[in-house]
Structure formats: C-alpha cells, structure tokens
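Here the structure is laid out as structure tokens; the discussion comes afterwards.
Atoms considered below: every heavy atom in the structure, side chains included; atoms not considered: hydrogens, waters and symmetry mates. Within every chain, numbering begins at 1; the chains are lettered A, B, ... in the order of the sequence lines, protein sequences first and strands thereafter.
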2 protein chains.
Amino acid sequence: MKLSEGVEWGLHCTLLLAEVPAGVPVPRRVLAEHYGLAEAYLAKHLQALTRAGLLHATPGPNGGFRLARPATEITVLDVLEAVEGAASPFACQEIRRQGSGAALPEECTRPCAIASVIAQAHSSWRESLRAVTIDQLVERVPKTLRARNRAKFGGDAPT
Amino acid sequence: MKLSEGVEWGLHCTLLLAEVPAGVPVPRRVLAEHYGLAEAYLAKHLQALTRAGLLHATPGPNGGFRLARPATEITVLDVLEAVEGAASPFACQEIRRQGSGAALPEECTRPCAIASVIAQAHSSWRESLRAVTIDQLVERVPKTLRARNRAKFGGDAPT
DNA sequence: GCGGCAATACTCGGATAACAACTGTCCGAGTAAGTAAGG
DNA sequence: CCTTACTTACTCGGACAGTTGTTATCCGAGTATTGCCGC
C-alpha cells in the first residue's frame, strides 16, 4: 500500500506546467533542475503522463512538455493513475473456492464480501482524488511563488 | 499502490476464526489447508495479526489462533493495517523546497497542498474500511457455508 | 488405583533465500532552429 | 535581398543495470498432552 515516488514528481511537474502562462513548453531538464530531481528518472514519469494524454511533448529546440488540456480538466486522480497505473490495489484470488473448505458454486452467486468492501473503499479514495483539479491546486500556491514561476518561464531571453 | 497478498489471507482467516463457535483455537496448518495456502508464508501474516493484538496464539497441542476480542470490535481496517503496516501511502519529500525553484520558508507556512489532498483521500479510504467489522462480514457468508464451517471446527473428535 | 514424572508430539516465532517491482541510468531517433550558400 | 538546402544542437523515447521490498521457506524454542513408572 505504498505510493510510488513518481506520483509526487508527476503532480508537482503538472502543477508547475499549469502555472506557466500558455502553451509554453518546458523541457524536462528545466523541470528536473527546478525541483532538484534526477532528470533521467523524471523522464520515465513524464513519459507516462504523456501516454495518458495529460501532457503533450514537443521535440527539438524550444521543445518540452505542456499540458494537453486545461488545468481545470485534469484531476489529481488522472495524474496519480497515469503514473501509478489504474489497476485495482486488491486482486481477489477467490481463495474461498479453494482448499478443503472451498465454497460451493451455488454459494458464490454474490461477489466475495471482502473484495466488495475493499472495492468500496477504493472507490472512496478515487472519488476524493477526482474531486480536486490541478487548477484548484494552483490556487493554493502562494502568490509570490506563483509570480516567480510565471516570470521564470514567461519571457526571459538572455543573449 | 498495490495491496499485499497477505491482506486477503489475513482477512479470510480472521473471518473464519470469527465463524468458529467460541474461543476454539485453530492451528495455522488447518487454516492453510482450509484455503489451500502455503502454511509457512501464512505464518508470517498470522504473526503480524497477533502482534497487532487482533489474534491470540496458543502454543502446544490443541493450540492455534483465536480472536483476541469479539468480532464486533475488529474492523477490516484493523486487519489491513496490521498486515500491511499503518504507514501513510504518501511520504511528502517536500521537493517544493528544493532545486532552483525552491519555495522560501515563509511560503511554506501551510502544508504542501498535494500532500493534503492525498492525505484527505487516504482518510476516506481508511474511514470506509473502518466502518465494516468482521462480524458484519460473517453475516454476508452464505448460511450453508457458515454451518459447514461451524460443524468442521465445532466438535469433531475422531478416534 | 492414584499421583508424579518424563518423553513426546504439536504449536508458534524468528532467521534465512528467491523473486519481482521500483529506482536509477544510458544512448539513439527525430525535429526545429540557425547558418551559409546560391539565385 | 530573398529563398533554399544543409548543418547543428536540442528534445523526447525506449532499452538496460542496481537496489529495496515482497514472497516463499526452513529450523529452533516453548508448551500441553500422554504414556509410563513408582508408590
């Protein structure tokens, strides 16, 4: 029941991409330096987010990652399941039907009660994460920090 | 975000122990055979449940495991966290304070929004599991199966 | 026949390997910009 | 001066090791039974 490290990375990066003005691409090297992360490993998670259709990757100079759709239409659940996988945490092995105490087929018309309870809890978990969008998270970022990030990625052209 | 295999084993075994009449101990060998599980590995999980104070282990002949308290006072969450560990699935690394885009200390007076959202979801998950007791699960077991289990462990004395 | 004792068999508990998944890293394919040559 | 083709540098994408956690297993410590011996 441990959550992958990449979930935090993916969420922070998605959050940052939602802060930059428009569709300005940010390369993964900059993202990695911004948070002090290992660039090569971050690549793996950004790739997962891209495959899930949350980010859009642009190759070549001035390329990078940008949100594939508005921050109001991306939920925390989207990011989490893109990185972590959307598989259920509990895979019922139906052990009630095995061994010397196996239940008869006619006793298994209803789904396993244990699996049902966990599925219900998992549903609550997902619903709670689905209720929060990336946009709402941006609003919780201190304004001074948000301004600094906007200035950093908005229009700095050295040389 | 994968749940350990032992959670299912622990829940089924706890459920079965709640079905046997009173404080009749059931050895792990019988439990393993009842569900077709590996006895040596099951031992590890039963041990965890015992350490958590959910089961009581009796050594020696006619020994085994029994519930340490009534099934009405044991929740699914108790069993799950006893086997899986009660640690939070998300350990915030505070990466917002690291790298070139590090937030200033005065910008971090409030806890990380990402960690807060996940903590909220985790709370929903736990609350959902805490609401169901082992006793309630027993009631969902088909009566015919329950009767068979009671007869199996209640009073069969060959020889 | 009864009580005590020792042997026994059965139980759990902790220490020990095998496997898998997550973590961490590298190099190659593709693209857009920049540059220089030609018209 | 403009167009065009080429070179270049920068980007992402997939393939390849290292390390931690889960899975699986075994053997030793402790206890209640059970049979036996002595009284």
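If you take CD of Glu39(A) and P of dG13(D), they are 13 Å apart, rounded to a whole angstrom. As a whole-Å value, the separation of Lys44(A) NZ from dC26(C) C1' is 12 Å. At whole-Å resolution of the value, OH in Tyr41(A) and C1' in dG24(C) are 7 Å apart. The distance between atom NZ of Lys2(A) and atom P of dC22(C), rounded to the nearest whole Å, is 9 Å. In this structure, Glu5(B) atom CD and dT23(D) atom C1' are separated by 9 Å, rounded to whole Å. As rounded to whole Å, 15 Å separates atom C1' of dG13(C) from atom NE2 of His45(B). Per the geometry, CG belonging to Leu49(A) stands 15 Å off C1' belonging to dG13(D), to the nearest Å. Atom pair Glu8(B):CD and dT23(D):C1' shows a separation of 15 Å (rounding to whole Å applied).
At a threshold of 4.0 angstrom between heavy atoms, the contacts of Ala40(A) include nucleobase atoms, whether or not backbone atoms are also involved.
Distance from the side chain of Phe65(B) is smallest for dC12(C) among the nucleotides dT11(D), dC12(C), dT16(C). Of the candidates dG24(C), dC12(C), dT11(D), dC12(C) carries the atom nearest the Arg28(B) side chain, counting heavy atoms from C-beta on.
If you check the side chains of Thr144(A) and Glu107(B), you find a donor sitting under 3.5 Å from an acceptor.
Environment of CZ in Arg69(B): crowded, with over 12 heavy atoms of neighbouring residues, nucleotides or ligands closer than 6.0 Å.
Of all the residues in residues 86-95 of chain A, not one reaches under 4.0 Å from DNA chain C with any non-hydrogen atom.
Using cut-offs of 30° and 60° on the angle between ring planes, the pair Phe153(A) and His34(A) is tilted.
Between Ser4(B) and dT23(D) there is a side-chain polar atom (N or O) within less than 4.0 angstrom of OP1 or OP2.
Residues Trp9(B) and Leu46(B) are not in side-chain contact: their nearest non-hydrogen atoms beyond the backbone lie 4.5 Å or more apart. Pro89(A) has its side chain out of reach of Lys2(B): every pair of non-hydrogen atoms, C-beta onward, lies at least 4.5 Å apart.
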Apply salt bridge (charged side-chain N to carboxylate O under 4.0 Å, His left out) to residues Arg150(B) and Glu19(B) and explain how you reach the verdict. CA-CA 6 Å; Arg150(B) 279 238 312 248; Glu19(B) 290 182 46; over 6 Å; no
